[in-house]
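Below: one structure, written as structure tokens.
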Amino acid sequence: MIVNAQSGVEVTTERLWERCEEAGLARAVVVNMLDRERASFDATLDALREMSPGCVAVEIPMGAEADLHGIIDLVSMHAHTYAGSPKGTVGDIPAEYADAAQAAREKLIDIVAEADDQLIEKYLGGEEITTQELLAGIHKGILERRIFPVVCAAGGKDGLGADQLLDLIVDELPAPPELGPWT
């Protein structure tokens with residue numbers, strides 16, 4: 001599903017969400033147009049969480065509106081910057097975004113661990129959850145329709161986030177055989 005970062009969750013978003021629920025569809029949410037005036041990833045994410053607490057950011061933007069220049073992958077904890085190309089350049093998270101990225105990753109781990117008995121035991125035991133365990137937990141949560149990853153995009157700004165969205169579709173969303181028979 002795509003949600004406009006300027007207008008956030010609208011009636012049509014809620015209707016589509018309900019239809020997906022009725023059909024038992026796994027889903028991910030793309031918060032698009034983050035490079036526009038009055039766009040807010042945080043406000044849109046909050047509205048998505050009101051609609052379904054399983055909505056969780058797997059990315060956060062670097063910058064806002066006209067100053068948007070990249071995204072932070074909360075699973076790998078890498079920054080992807082975009083400058084004239086739809087393929088982001090991977091690097092370390094800039095210091096000014098480190099605290100926000102860590103807090104968002106902790107929220108991601110909380111939600112993923114809550115949806116997986118083995119991960120919650122490990123998490124409550126104070127053990128670190130590895131990247132592979134986090135990816136497996138996200139995939140399982142998506143398949144069980146308990147987790148709905150939220151990613152960032154700005155189609156008009158060098159295709160910002162498109163490469164990461166495609167990776168999410170290929171790597172995390174369920175393959176047709178995993179979904180069972182379609183009725």
Side-chain angles (χ1 to χ4, degrees), residues 1-36 39-61 71-76 80 86 88 104-120 123 129-157 159-183:
M1 297 180 63
I2 299 174
V3 177
N4 182 323
Q6 287 177 303
S7 52
V9 173
E10 299 176 299
V11 173
T12 53
T13 309
E14 292 171 346
R15 285 185 186 157
L16 181 58
W17 194 269
E18 289 170 11
R19 288 187 179 159
C20 290
E21 282 287 317
E22 290 167 5
L25 298 175
R27 63 213 91 120
V29 181
V30 179
V31 178
N32 194 21
M33 298 187 182
L34 285 166
D35 57 335
R36 305 285 173 88
S40 173
F41 180 78
D42 293 334
T44 304
L45 182 61
D46 289 343
L48 287 165
R49 285 187 179 144
E50 281 184 34
M51 193 172 62
S52 176
C55 289
V56 61
V58 294
E59 299 172 353
I60 58 172
I71 58 173
I72 296 172
D73 182 330
L74 300 174
V75 176
S76 69
H80 297 257
R105 180 179 168 87
E106 287 173 17
K107 179 71 174 172
L108 171 63
I109 291 171
D110 285 347
I111 290 174
V112 172
E114 285 175 14
D116 186 300
D117 292 339
Q118 290 177 335
L119 287 181
I120 195 71
Y123 181 69
I129 294 175
T130 68
T131 299
Q132 290 304 319
E133 290 170 327
L134 186 56
L135 284 169
I138 292 169
H139 183 78
K140 181 181 176 192
I142 293 169
L143 189 59
E144 294 172 351
R145 295 158 197 84
R146 292 198 275 171
I147 293 176
F148 310 102
V150 179
V151 297
C152 305
K157 187 154 187 145
L160 185 141
D163 57 337
Q164 291 298 104
L165 172 59
L166 292 172
D167 287 345
L168 173 78
I169 291 168
V170 171
D171 298 337
E172 292 305 315
L173 293 183
E178 292 178 285
L179 299 173
W182 186 267
T183 55

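Here the CD atom belonging to Gln6 is positioned 9.5 Å from the OG1 atom belonging to Thr44, to the nearest 0.5 angstrom. Considering CG of Leu165 and CG of Asn32, their distance stands at 9.5 Å, rounded to 0.5 Å. Of the inter-residue distances, the one linking Leu74 atom CG with Ile109 atom CD1 reads 9.5 Å to the nearest 0.5 angstrom. Atoms CZ and OG, on Arg27 and Ser52 in that order, are 7.0 Å from each other to the nearest 0.5 Å. To the nearest 0.5 Å, atom CG of residue Leu45 and atom SG of residue Cys152 are 9.0 Å apart. Atom CZ of Arg145 is separated from atom CG of Leu143 by 6.5 Å, given to the nearest 0.5 angstrom.
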Evaluate the criterion side-chain contact (heavy atoms from CB on, under 4.5 Å) for residue pair Val75 and Leu135; output intermediate values, then yes/no. CA-CA 7 Å; Val75 176; Leu135 284 169; 3.7 Å; yes

Under the criterion side-chain contact (heavy atoms from CB on, under 4.5 Å), I'd like the reasoning laid out for Ile138 against Leu108: C-alpha separation, chi angles, the key distance, then a yes or no. CA-CA 9 Å; Ile138 292 169; Leu108 171 63; 4.3 Å; yes

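Around atom CD of Gln118, no more than 12 heavy atoms belonging to other residues, nucleotides or ligands sit under 6.0 Å away.
Here the side chain of Asp163 pairs a donor or acceptor atom with the backbone of Gly88 at under 3.5 angstrom.
Between Gln164 and Asp73 the shortest side-chain heavy-atom distance falls below 4.5 Å. Taking the side chain as every heavy atom from C-beta outward, Leu34 and Leu160 never approach each other to under 4.5 Å. Annotation: side chain of Tyr123 is not in contact with side chain of Val112 (no heavy-atom distance under 4.5 Å). A heavy-atom distance below 4.5 Å is not found between the side chains of Met51 and Glu18. Val29 places a side-chain heavy atom less than 4.5 Å from the side chain of Trp17.
When all heavy atoms are compared, the tightest approach of Ile111 to Gly54 is CG2-O, 4.5 Å. Contact record, His139 with Glu172: ND1-O, 2.6 Å, taken as the closest heavy-atom pair. Shortest non-hydrogen contact noted between Ala57 and Arg49 is N-NH2, 4.2 Å. Shortest non-hydrogen contact noted between Val9 and Val3 is N-CG1, 4.0 Å. Residue Ile147 comes nearest to Gly137 through the heavy atom pair CD1-O, 3.9 Å, listed as atom of the first residue, atom of the second, then distance. Closest approach of Arg105 to Thr131, counting heavy atoms only: NH2-OG1, 4.5 Å.
Checked for salt-bridge contact, Glu133 and Lys140 miss the test: no charged N lies under 4.0 Å from a carboxylate O.
His80 and Glu59 are not linked by any side-chain donor-acceptor pair at a separation below 3.5 angstrom, with hydrogens and angles left out of the test.
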